[in-house]
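Before any comments, here is the structure.
Here is how names work: the chains are called A, B, and so on, in the same order as the sequence lines, proteins then strands, and each is numbered from 1.
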Amino acid sequence: MRVIAALSGGVDSAVAAARCVDAGHEVVGIHLALARSGKGQAGSRGCCTPEDARDARRVADILGIPFYVWDMSTDFQREVIDDFVQSYDQGLTPNPCIRCNETIKFAAVLDRARALGYDAVATGHYARIVESAQGRELHRAIDDDKDQSYVLAVLTPPQLSGAVFPLGDTRKADVRAEAARRGLRVADKPDSHDICFIPDGDTESYLRRHLGEREGELVDVTTGETLGTHDATYALTVGQRRGLRLTVPAPEGHRRYVVGRETGSTRVLVGPQELLSVRRIEADQPRWCGVTPPSQSDVHVQVRAHGDQIRARLLVNSEDVAVELESPLRGVAPGQTLVAYDGTRVVGSATITRATS
Amino acid sequence: MTPPRAYVDHAASTPILDSAAEAWLRASAKVGNPSALHGSGRAARRIVEESRESIADDLGVRPSEVIFTAGGTEADNLAIKGLAWAAPERPRILCSAIEHHAVLDPVLWLAEQGRPVDWIPVDSIGRVSVDDIRERLSDDVALCTVMWANNEVGTIQPVAEIAAACADAGVPFHTDAVQALGHVPVNAGLRGITSLALSGHKIGAPVGVGVLVLDRDARVVPVLHGGGQERDVRSGTVDAASAAAMAVAVRHAVKEQQAHADRVRLLRDALAVGILDRVPQAVLNGSPEESLPGHVHASFPGCEGDALLMLLDAAGVECSTGSACTSGVPEPSHVLLAMGVDPALARGSLRFSLGRTSTEDDVDRILEVLPRAVERASRAGSPTFRTVS
């Protein structure tokens, strides 16, 4: 195969590319310039820094493969960053890594790779692709701590057919050891955890810069009584208790939490802890990683990366889906991605629109 | 078996001459700081001064007007900033819109410091108008700078006429001749040329050496302060070995210029005709008659330059998009934009620059692999303008 290896400058993508070379593929290393963070922002974390580009280049040197930088910043701005800010503006909780995989890495980059005569894009994601009688399947990685199948659950069969994940059957510690053995200097580079275009990790300040103030009332969800005010809807997340500055004490001293938001307004709803327990989730824009599941099936669901897996009944309609959870889940917000699993197999994903108890 | 490779990026860097490498090795084996007063120092100084005299003879200037630098970028910076700083009472700077970044960025930096800049426009082949410049010249201009020949499209500028106009107006004139030397006749002693920048590795000397030819009457404030080794305008121990190699390369460039130009022009014309024949939608930029003999610059509609570059690299052809960028992220070339080329088309451009080691086989190799690369790149399109499904 002719493979484009996306080299972020980190250890995972480096080992993934090395394994593609070992497998006999014709490999070209590509570093994606995504966020235009300005010249030489030394010391900033995340990806897309000049240091990461250099690290990626050195990996390609050591592997003996060509290396290029692809400027995807315009696509990334429109599809990921703008979407991220707009989603928060609408009171949703987006996951930009999922959007990036859906619209950049396995769309814009894969399309470009295919047009240029390449067969697939290889990344350092921890997930497995399994060939079965039903076609290609996406599965969890064997390393539960590193499993990234959640952020890949938006990939459709045509996208999966052009994806290579060489690390799915390896534990992270072994990947680091392998990188060291191969002489890759990125072997001990720390993992990136933050959103890459918010390198300081301060999402609230980032949103404040882009959205300004979004003042509104804090409203008791049961009585409708105004309990206080807030200055930014996006700074409040479902399940949050601290920093609400409520001026009216709760009866009998019950703690009160953010439980939701009135659609189309800046009124944020607060209520007792019980309301956070979700038993039913509705979601739209389903994307199936393989065959479309039957109208009813038993699955496990997950609503955030590395979140709990809950047994659930998956109900599939033509346009949307719902899940009925066997045990309650807390902190579910519209905009989050619902991912359904059948064992280790990823069934698909959908965007959460509503969560009820 | 690895396929044959065609290196057609001589404008970026051309192979070192054997004779220049030998001169460098010979001189580098000797100890001695050229500024030292003992015998070894004098021996090193002798190498530097003989090199300086040789270069002065070849360029038509006096030895004292040859200043060794660490490269073309330093030579340009010294001229631009040095001349501007030396004339604070003359705030304006005239600068062509198609300069190399080694000139463009110092001028932009001076503009940020408050110096007013006239950006001299160019026509569709990338040439400035002498009349336009003449009208802008006045006694409030600190310097005028126009490159001898453009690094991207290869267009040669009317330097002699511009220099004369500047001399008539009493305005210092700097020209970046980095791309011109060896390809067209370069006389640094022309009336009106205050300073002229050269780079070693474009003519077969090592990377890391350059020359600023600086008129002996020019007033320049140094960029580097220190021992004042080079006429008190450039400090730093003079690199005798690099000076020796530079002298050899300049001699070769000047002596062989006509024969070299005649030879590469034939190859270049064959390449240009071949490109239009094999890829009819290609657009050649600049004008062959007004261009450096080894340059072909072409735009490929619907393609992106870096995609073409990658495909050609894989097929054994090493060229460039013309505008190198340290981060590797391509921007539409300011040169093409100044020439009025559509930004999308500008992004789909390639520069093939032929040089001393270029052969007919190189041309054949390019023409063999180019059509398929263009076809594939046009399928990929440009990520900037493509929508994501």
Side-chain angles (χ1 to χ4, degrees), chain A residues 2 4 7 26-41 48-54 56-57 60 64-80 82-83 99-100 102-118 156 158-159, chain B residues 1-3 5 9 101 105 108-109 112 300 302-321 323-333 343-344 346-350 369-389:
Chain A
R2 304 185 78 213
I4 294 289
L7 293 174
E26 182 185 335
V27 184
V28 169
I30 297 289
H31 180 71
L32 302 176
L34 297 176
R36 292 221 155 150
S37 53
K39 280 186 182 175
Q41 269 194 346
C48 308
T49 64
E51 183 186 328
D52 289 318
R54 183 191 174 276
R57 179 183 294 278
I65 59 174
F67 174 81
Y68 308 93
V69 176
W70 279 5
D71 180 10
M72 291 285 168
S73 60
T74 306
D75 297 61
F76 189 78
Q77 177 71 43
R78 185 185 57 233
E79 300 294 332
V80 180
D82 290 351
D83 175 79
R99 283 290 290 167
C100 180
E102 178 188 352
T103 63
I104 305 295
K105 290 195 180 115
F106 300 100
V109 174
L110 179 57
D111 289 351
R112 190 164 194 234
R114 283 174 162 156
L116 294 176
Y118 291 81
T156 57
Q159 290 175 302
Chain B
M1 199 186 88
T2 51
R5 292 191 77 80
D9 202 14
H101 279 287
D105 287 34
L108 284 169
W109 180 80
E112 284 170 20
F300 300 90
C303 298
E304 215 206 341
D306 72 337
L308 283 169
L309 206 70
M310 172 181 156
L311 294 165
L312 290 174
D313 185 16
V317 171
E318 302 181 328
C319 60
S320 88
T321 54
S323 50
C325 177
T326 48
S327 68
V329 173
E331 298 285 341
S333 147
R347 282 178 65 112
S349 300
L350 291 179
V369 302
L370 184 64
R372 185 167 162 79
V374 170
E375 188 233 311
R376 277 192 163 162
S378 66
R379 249 190 289 149
S382 160
T384 307
F385 303 105
R386 195 201 46 218
T387 54
V388 176
S389 54

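- Every residue meeting the side-chain contact (heavy atoms from CB on, under 4.5 Å) condition with B/L311, not counting sequence neighbours, appears here in chain and number order: A/L116, B/A373, B/R376, B/A377.
- For the pair A/R57 and A/F67, the NZ or CZ position fails the cation-pi test of under 6.0 Å to the six-membered ring centre and within 45 degrees of the ring normal.
- For A/F106, the ring-ring contact (aromatic ring centres under 6.0 Å, His included) partners are A/F165, not counting sequence neighbours.
- Across B/R379, B/E375, B/M310, the residue that shares the most heavy-atom pairs under 4.5 angstrom with chain A is B/M310.
- Neither the backbone nor the side chain of A/I65 comes within less than 4.5 Å of any heavy atom in chain B.
- To the nearest 0.5 angstrom, A/D82 atom CG is 10.5 Å from A/R99 atom CZ.
- Of the two parts of A/F76, neither the backbone nor the side chain holds a non-hydrogen atom closer than 4.5 Å to a non-hydrogen atom of chain B.
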